[in-house]
Novice: 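Structure incoming, see below.
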Amino acid sequence: MLSRSGKVNRLIYESNNHPDLNKIALEDLPGGPEAFELAAKFCYGIAVDLTAGNISGLRCAAEYLEMTEDLDEGNLIFKTEAFLSYVVLSSWRDSILVLKSCEKLSPWAENLQIVRRCSESIAWKACANPKGIKWAYTGKPSKVSSPKWNDLKDSSPSRSQPVPPDWWFEDVSILRTDHFVRVITAIKVKGMRFELIGASIMHYAAKWLPGLIKDGQGQGPADDMSISTNSNSSGGTGSSSWKGGLHMIVAGTKDDTPSIQAKDQRMIIESLISIIPPQKDSVSCSFLLRLLRMANMLKVAPALVTELEKRVGMQFEQATLADLLIPSYNKSETMYDVDLVQRLLEHFLVQEQTESSSPSRPPFSDKHMYEGTQRSNNPNAKMRVARLVDSYLTEVSRDRNLSLTKFQVLAEALPESARTCDDGLYRAIDSYLKAHPTLSEHERKRLCRVMDCQKLSIDACMHAAQNERLPLRIVVQVLFSEQVKISNALANSTLKDPAETQYQPLIPNHKTLLEATPLSFQEGWAAAKKDINTLKFELESVKAKYLELQNDMENLQRQFEKMSKQKQTSAWTSGWKKLSKLTKMTAVENHDIGPQISMAAEQTRKTPRRWRNSIS
């Protein structure tokens with residue numbers, strides 16, 4: 001060993017100054033006693049079997065022991081380097097296993113470029129055409145029939161069984177997070193499609209973060225890992241801090257989560273967020289929202305959380321209600337994080353406005369083509385988001401701690417054109433009024449202002465007309481607007497043939513209204529007239545009550561006038577009697593001088609007429 005190891009030679013030479021020293025400790029030797037044993041056998045000329053399992057440790061130990069070519073030709077560094085370059089890096093399985101074994105050899109494996117070279121080798125093979133691959137992928141369970149391409153020496157694998165595009169997902173998912181990031185980064189440089197990169201990230205997250213998987217989804221490997229600690233190949237070959245304890249975090253509460261495990265999961269989430277491809281739809285919106293839920297729970301860095309929220313806003317129209325119901329982890333009064341949904345909606349609107357203002361951006365690679373197919377129907381995206389927000393409001397409105405301001409701000413965030421029918425919004429308002437019976441009249445009116453009564457369907461109008469929780473003014477508006485719609489619809493139906501009314505909209509405003517009704521006008525006027533008659537009956541009953549109240553008010557006014565007249569009749573009647581007597585006594589005298597008075601009256605009439613004419 002003195003002839004082949006520079007470090008051992010130097011330690012022995014230095015120990016001559018200490019005659020009592022009879023033992024040399026190599027505590028920081030990479031690879032441990034196993035690597036030292038193999039190096040000692042090599043020095044004594046014993047044959048050493050180099051494999052993918054021991055080559056990385058032996059290469060680092062040779063570097064540590066300084067077994068260079070200067071001491072002996074064909075030394076251990078040269079032998080291990082040759083094996084790495086010509087055997088390991090040309091094999092898919094060996095590259096995976098060597099990179100996995102490097103987890104215990106930091107920083108030696110990093111400094112010797114073993115990690116970089118294995119990552120690039122894996123990336124090159126993952127991006128290569130699988131039809132020409134002659135190596136077997138290793139990660140699939142034994143019960144799954146995976147093609148062993150080593151055995152197919154004379155035939156191409158494409159002749160026997162097609163190779164799936166995700167054949168490499170399982171193998172790279174056994175790697176530690178930092179090594180997985182290195183592999184994905186190298187794959188990006190090679191130019192792989194971003195959909196495949198995103199799918200591999202989702203596969204890795206499902207394996208190491210089983211809390212992302214919905215209950216009852218039935219994804220076998222991750223479900224098994226959430227129960228047992230070492231259920232697959234990744235548990236046995238990992239380091240001590242990675243032996244499956246990660247999978248038990250999501251089951252407990254925040255306070256019960258061990259700090260070490262929470263730290264590991266936080267590191268995984270932060271690493272995955274940083275390598276998600278920037279293209280839209282590289283990963284699903286559901287995956288992003290579940291990742292965002294865990295990021296908020298584990299207190300991930302705010303900058304990464306904001307970046308994740310922007311990514312969700314890019315494809316917010318693909319979200320579902322179940323994924324949006326994210327609990328509030330920041331000691332908020334509300335059960336669900338309504339402020340988070342508000343931010344996601346703002347990011348979506350900003351993205352929509354940016355795309356509409358710059359539709360002619362120069363494309364790069366295939367991103368523009370892919371996004372063009374997804375964003376060609378912006379109005380439909382806004383309508384889907386509007387329905388999603390209405391459903392979310394209906395769900396969170398049952399929370400008694402939800403303030404009216406938060407409800408109103410979230411309901412009014414979308415433009416009016418996003419909602420063609422306000423039935424979902426009316427349902428949310430009614431649910432909020434149910435859960436908050438102590439609202440004042442002013443607050444109820446303020447809440448109902450977010451709804452447009454003219455956009456309600458016939459069923460919603462019938463329900464609103466009988467809803468005692470709504471303010472009376474809103475009920476009157478609903479009945480009045482519906483009466484106008486019905487009268488317009490009937491007037492147009494008489495002017496058009498039945499065949500035309502079945503295919504042409506009556507009024508542009510009615511088309512959007514009738515689309516949301518269960519009994520559509522397109523199915524015939526028979527069912528629609530039934531609803532119209534019901535509404536007419538409701539209107540007639542309201543009018544009858546109004547007329548009754550008006551008659552009662554008129555009767556009260558007459559009684560009041562009679563009572564007031566009786567108090568003032570005595571003085572007036574005596575005065576009128578005196579005046580009548582005087583007229584009777586002077587009637588004869590007036591008869592004699594009547595013509596004279598008439599002539600004088602005519603003169604008096606003419607004079608002011610001339611005066612008026614002169615003035616004019």
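Below, each value reflects all heavy atoms present in this structure, side chains not excepted, and no hydrogens, waters or symmetry copies.
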Novice: With Arg419, which residues qualify under salt bridge (Lys or Arg N to Asp or Glu O under 4.0 Å), at least two apart?
Specialist: Asp390
Novice: Kindly state each residue pair satisfying side-chain hydrogen bond (donor to acceptor under 3.5 Å, both in side chains) with at least one member in residues 34-50, sequence neighbours excluded.
Specialist: none
Novice: What closest approach, in Å, do Glu66 and Lys7 show between heavy atoms, and which atom pair accounts for it?
Specialist: OE1-N, 3.5 Å
Novice: For the pair Glu307 and Arg311, find out whether any cationic side-chain nitrogen is under 4.0 Å from an anionic carboxylate oxygen.
Specialist: no
Novice: Would you find more than 12 non-hydrogen atoms of other residues, nucleotides or ligands less than 6.0 Å from Glu69 atom CD?
Specialist: yes
Novice: Testing the basics here: between Ala123 and Ala186, what is the closest heavy-atom pair and its distance to 0.1 Å?
Specialist: CB-CB, 3.5 Å
Novice: Is there a side-chain contact between Glu73 and Phe78 (heavy atoms, below 4.5 Å)?
Specialist: no
Novice: Can you list every pair that meets salt bridge (charged side-chain N to carboxylate O under 4.0 Å, His left out) and has a residue in residues 340-350, with sequence neighbours left out?
Specialist: Glu309-Arg343
Novice: Mind checking what makes side-chain hydrogen bond (donor to acceptor under 3.5 Å, both in side chains) contact with Thr51, not counting sequence neighbours?
Specialist: Asn54
Novice: Check salt bridge (Lys or Arg N to Asp or Glu O under 4.0 Å) between Arg293 and all other residues, then give those that pass, not counting sequence neighbours.
Specialist: none
Novice: Please work out which of the three classes, parallel, tilted or perpendicular, describes the rings of Tyr204 and Phe180, given edges at 30° and 60°.
Specialist: parallel
Novice: Checking Phe287 now: which residues fulfil ring pair (Phe, Tyr, Trp, His ring centres under 6.0 Å) with it, not counting sequence neighbours?
Specialist: none
Novice: Please check if the number of heavy atoms outside Lys188 that lie under 6.0 Å from its NZ is greater than 12.
Specialist: yes
